[in-house]
Each structure stands twice: as C-alpha cells, then as structure tokens.
There are 2 protein chains.
Amino acid sequence: MQISTKFTIAVHIITCIDYFKDTLPVTSSFLAGSVGVNPVIIRGVMSKLKEAGIIAISQGKSGITLARPLTEITFYDVYKVTDGVNETGLFHMHENPNPNCPVGRNIQMAMVGKLQDIQAVMEQKMQETTIADVAVDIRRKIKQAG
Amino acid sequence: MQISTKFTIAVHIITCIDYFKDTLPVTSSFLAGSVGVNPVIIRGVMSKLKEAGIIAISQGKSGITLARPLTEITFYDVYKVTDGVNETGLFHMHENPNPNCPVGRNIQMAMVGKLQDIQAVMEQKMQETTIADVAVDIRRKIKQAG
DNA sequence: CTTGCCTGTAATTTATCATATTACAGGCGG
DNA sequence: CCGCCTGTAATATGATAAATTACAGGCAAG
C-alpha cells in the first residue's frame with residue numbers, strides 16, 4: 001500500500017503557485033490542468049493546505065498565494081496535511097490476534113514501538129526536504145531544455 | 001494509504017514458528033488461529049517467506065521451520081517479501097501531469113529522487129530491526145504477566 | 001502403500017478507500 | 001450587481017485488500 005497521490009499533488013500545487021505567481025492568475029481549474037486531475041481534488045487539497053497555514057486563498061477573482069517561503073515548507077508539513085498521518089500510522093497492523101495465544105496476546109505491544117521508530121526516521125527525513133528543493137530542480141531543468 | 005497487514009502477519013508468523021517450535025506442530029490453520037485471519041492468507045504469506053529462504057515448509061504432517069536464526073531475519077527482509085516494494089515504491093505519484101506546462105512536464109523528475117531518498121532511510125531502519133527483537137519483547141512480557 | 005492431514009493456488013465475493021464527477025451554495029472583486 | 005471562483009456534499013467508479021470456498025497435489029505416519 002502506498003501514500004496517496006494527494007501528497008505529490010500538493011507538492012505540485014505549491015510549486016505551481018510559486019512558479020506562476022507573477023505571470024498568471026492561479027486557480028483550481030488552472031492547477032487541475034497542470035496536475036492532470038479533477039478540480040475538486042485540487043480544491044480539497046488546497047483547503048487543507050490553507051488550514052495548515054501553508055497557502056492563502058481569496059475567493060472571487062483572486063489569487064492563491066503562499067503563506068510562507070518555499071524554504072519553510074517541508075515535505076513533512078505537506079505529508080502531515082494531505083495524508084491522515086496521526087490516525088493510524090504508516091503501518092497497518094492485523095487487528096484480531098488471538099488473546100488466548102501468548103504470542104497473539106503480546107504481538108501488538110511488541111511491534112508498535114518498533115514500527116513507530118521506523119516511521120519516525122522517515123518523517124525526520126521528510127522534514128529535511130523542502131519544496132524549495134523541488135522548485136530549484138524544476139527551474140534548472142526548464143533552463144536546460146524547456 | 002498504508003503498508004498492508006501482510007507485513008505484520010508475517011512477523012507474527014515467524015515469531016510463532018520460533019516460539020512453538022518445540023511444543024506444537026505449527027500449521028497454517030494453527031497460525032491462522034493465533035493471527036486471527038483466514039488460513040489462505042497465512043499460506044500465501046508463508047509461500048513468499050519460503051521463496052525468500054526465510055522459512056522451510058514440508059507438506060504432509062509436517063512442520064514449518066525457520067531457515068535461519070531470528071537474529072538474521074530483518075524487518076526489511078520480511079517487508080520486501082510481503083509488500084511489492086520494488087515495483088512502485090512507497091509513494092504514489094500522480095500519473096498525468098500536463099506536458100504542456102513547464103511545471104507539469106518536470107515535476108516527476110524533480111520529485112522522484114527525493115522520494116527515493118526518503119524511502120531509503122526507512123528501509124535502512126527496517127534493516128536494523130530483527131524479528132529477534134520482537135521475540136525478546138514477547139518472552140519478557142509473557143514472563144511478567146502471561 | 002495407503003490414508004489423512006496439510007500445502008498450493010485459483011476463483012469468487014465482500015469491504016474499503018482513493019479518485020472522478022456532478023451539482024450547487026456562498027463569497028469576493030471588478 | 002454579476003460573473004468567476006471556492007467550499008463541499010453526494011454519488012459513481014475503480015482498484016485493492018482480505019475473506020471464503022473449492023480442490024488438486026504432496027508428504028509422512030502407520
């Protein structure tokens with residue numbers, strides 16, 4: 001199982017807002033065209049990014065703007081918002097081990113800490129990566145070949 | 001989205017094989033009872049663990065046995081076998097970014113390496129954790145309270 | 001060598017979740 | 001005030017995980 005496309009969609013959105021901010025009006029339909037998904041998906045992701053204080057949205061003939069610089073938006077910030085991180089965790093434990101079996105009775109307790117540790121190193125790595133890193137790569141690539 | 005329960009089921013299975021190896025005949029039905037899932041799921045997981053050289057299976061009135069000590073079976077070994085790791089990766093990128101948009105045209109290239117790095121730290125942490133660590137915790141807990 | 005239990009696996013069903021799509025209410029700016 | 005845009009509910013579709021049934025084949029005990 002995998003982390004949903006909402007995460008990479010959100011990264012794409014944020015990168016676009018930055019890239020086009022001085023050129024075009026950035027709307028959910030425009031973003032939907034660039035990302036290649038339905039505008040409603042974009043709106044849902046935008047809505048969560050707004051709640052998290054990552055972007056600012058003004059209705060009407062508007063503009064979506066970044067609420068803070070790209071260097072201060074980490075992959076983890078976006079991941080936490082777009083996927084339901086805290087609820088269940090990255091791992092999905094089987095839910096009905098047999099309480100009459102000594103192993104079944106204790107397996108969850110024995111595993112949960114270890115799984116959390118694994119998830120923690122992943123999240124820490126995500127905190128070290130920012131959307132600015134992506135934007136830099138994209139601008140370099142565009143200069144090279146378009 | 002999450003890593004499937006097959007992973008924790010496999011850890012449970014391996015722990016059980018070790019725990020009961022001198023006491024009971026360990027079969028897929030017995031394991032299904034301890035894990036709390038259908039025996040067919042157990043057989044499927046066992047089959048993959050066999051392919052990977054982690055357990056040995058003998059048909060007939062048999063016994064499932066470990067092919068190597070618990071200290072040499074890492075979470076990563078099990079994860080790689082039970083989930084389809086190499087195929088798609090942990091992250092699921094949106095698949096149809098617009099090639100006519102400079103951002104859409106380059107977003108995948110800009111993200112893939114960063115996502116792989118994140119996955120890599122997670123997998124390395126998994127390589128540092130072995131099923132023996134789980135077995136130790138379980139035996140300690142059983143001694144304490146049953 | 002035969003019999004019974006067990007594995008291997010295909011086929012079908014059910015449940016869940018992600019994404020797509022339609023529809024419409026509400027808000028802001030020109 | 002009018003038109004475009006966001007916010008969001010409701011529904012449909014598709015993919016995937018897990019449950020379940022069914023049965024062919026193998027090994028070991030006797």
Side-chain angles (χ1 to χ4, degrees), chain A residues 1-10 12-13 17 20 24-33 35-52 54-65 79 81-85 87-97, chain B residues 1-10 12-13 17 20 24-33 35-52 55-65 79 82-85 87-97:
Chain A
M1 218 153 197
Q2 298 170 310
I3 292 166
S4 85
T5 58
K6 287 207 188 80
F7 170 67
T8 59
I9 289 172
H12 188 143
I13 287 175
I17 294 171
F20 292 108
L24 294 168
V26 177
T27 68
S28 66
S29 293
F30 170 76
L31 289 170
V35 175
V37 299
N38 194 283
V40 175
I41 305 294
I42 300 286
R43 283 182 214 141
V45 172
M46 284 196 324
S47 199
K48 287 181 177 176
L49 291 173
K50 185 175 94 175
E51 278 177 36
I54 295 173
I55 64 176
I57 303 178
S58 132
Q59 285 183 319
K61 270 182 186 153
S62 59
I64 301 159
T65 55
Y79 167 63
V81 166
T82 52
D83 283 69
V85 176
E87 304 155 17
T88 50
L90 182 62
F91 293 92
H92 189 356
M93 245 188 268
H94 57 291
E95 289 167 0
N96 303 307
Chain B
M1 219 158 191
Q2 298 170 310
I3 291 167
S4 85
T5 59
K6 287 206 188 80
F7 170 67
T8 59
I9 289 172
H12 189 143
I13 287 175
I17 294 171
F20 292 109
L24 294 167
V26 178
T27 69
S28 66
S29 292
F30 170 75
L31 289 170
V35 174
V37 299
N38 194 283
V40 174
I41 306 294
I42 301 286
R43 285 183 213 141
V45 172
M46 283 197 323
S47 200
K48 287 182 176 174
L49 292 173
K50 186 176 93 176
E51 279 177 37
I55 65 175
I57 303 176
S58 132
Q59 284 183 321
K61 272 181 184 153
S62 58
I64 301 160
T65 55
Y79 167 62
T82 54
D83 283 68
V85 176
E87 304 155 19
T88 49
L90 181 62
F91 293 92
H92 189 356
M93 243 188 269
H94 57 291
E95 290 168 359
N96 302 307

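For Ile64(A) against Val26(A), the heavy-atom pair with the smallest separation is CD1-O, 3.3 Å. Closest non-hydrogen pair, Ala10(B) versus Leu49(B), comes out as CB-CD1, 4.3 Å. Listed here is the closest heavy atom pair of Asn38(A) and Ala32(A): C-CB, 4.2 Å.
Between Leu31(B) atom CG and dC5(C) atom P the separation is 18 Å, expressed in whole Å. The CD1-P distance, from Ile9(B) to dA18(D), rounds to 6 Å in whole Å. At whole-Å resolution of the value, CD1 in Ile42(A) and C1' in dC5(D) are 14 Å apart. As rounded to whole Å, 14 Å separates atom C1' of dA20(C) from atom CD of Glu95(B). In this structure, Phe7(B) places its CZ atom 14 Å from P of dA18(D), rounding to the nearest Å. The interatomic distance linking His92(B) (NE2) with dT19(C) (P) rounds to 7 Å, in whole Å. For the pair Met93(A) CE and dA17(D) C1', the interatomic distance rounds to 18 Å; values are reported in whole Å. Rounded to whole Å, the distance from CZ on Phe30(B) to C1' on dT7(C) is 17 Å.
Along DNA chain C, the nucleotide nearest to Val37(A) and the one nearest to Ser29(B) differ in position, and the one closer to the 5' end is contacted by Ser29(B).
By the 4.5 Å heavy-atom criterion applied to side chains, Thr82(B) and Lys48(B) are not counted as neighbours.
Residue Lys50(A) is classed as a sugar-phosphate contact, given heavy-atom separations below 4.0 Å to backbone atoms only.
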Pairwise N/O distances under 3.5 Å, protein to nucleotides 8-12 of chain D:
residue: dT8(D); atom: O4; partner: Arg43(A); partner atom: NH1; Å: 3.3

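Between Asn38(B) and dT20(D) there is a side-chain polar atom (N or O) within less than 4.0 angstrom of OP1 or OP2. Contact annotation: Ser28(B) side-chain N/O to dT7(C) OP1/OP2 distance is under 4.0 Å.
Ring orientation note: the planes of Phe91(B) and Phe7(A) are tilted relative to one another, at an angle of 30° to 60°.
Not counting sequence neighbours, the partners of Ala52(A) by the side-chain contact (heavy atoms from CB on, under 4.5 Å) test are Ile54(A), Val81(A). Every residue two or more places apart in sequence or in another chain that forms a side-chain contact (heavy atoms from CB on, under 4.5 Å) with Thr5(A) is listed here: Thr8(A), Ile9(A), His92(B), His94(B).
Here the nucleotide nearest the side chain of Ile41(B), chosen from dT6(D), dG8(C), dA19(D), is dA19(D).
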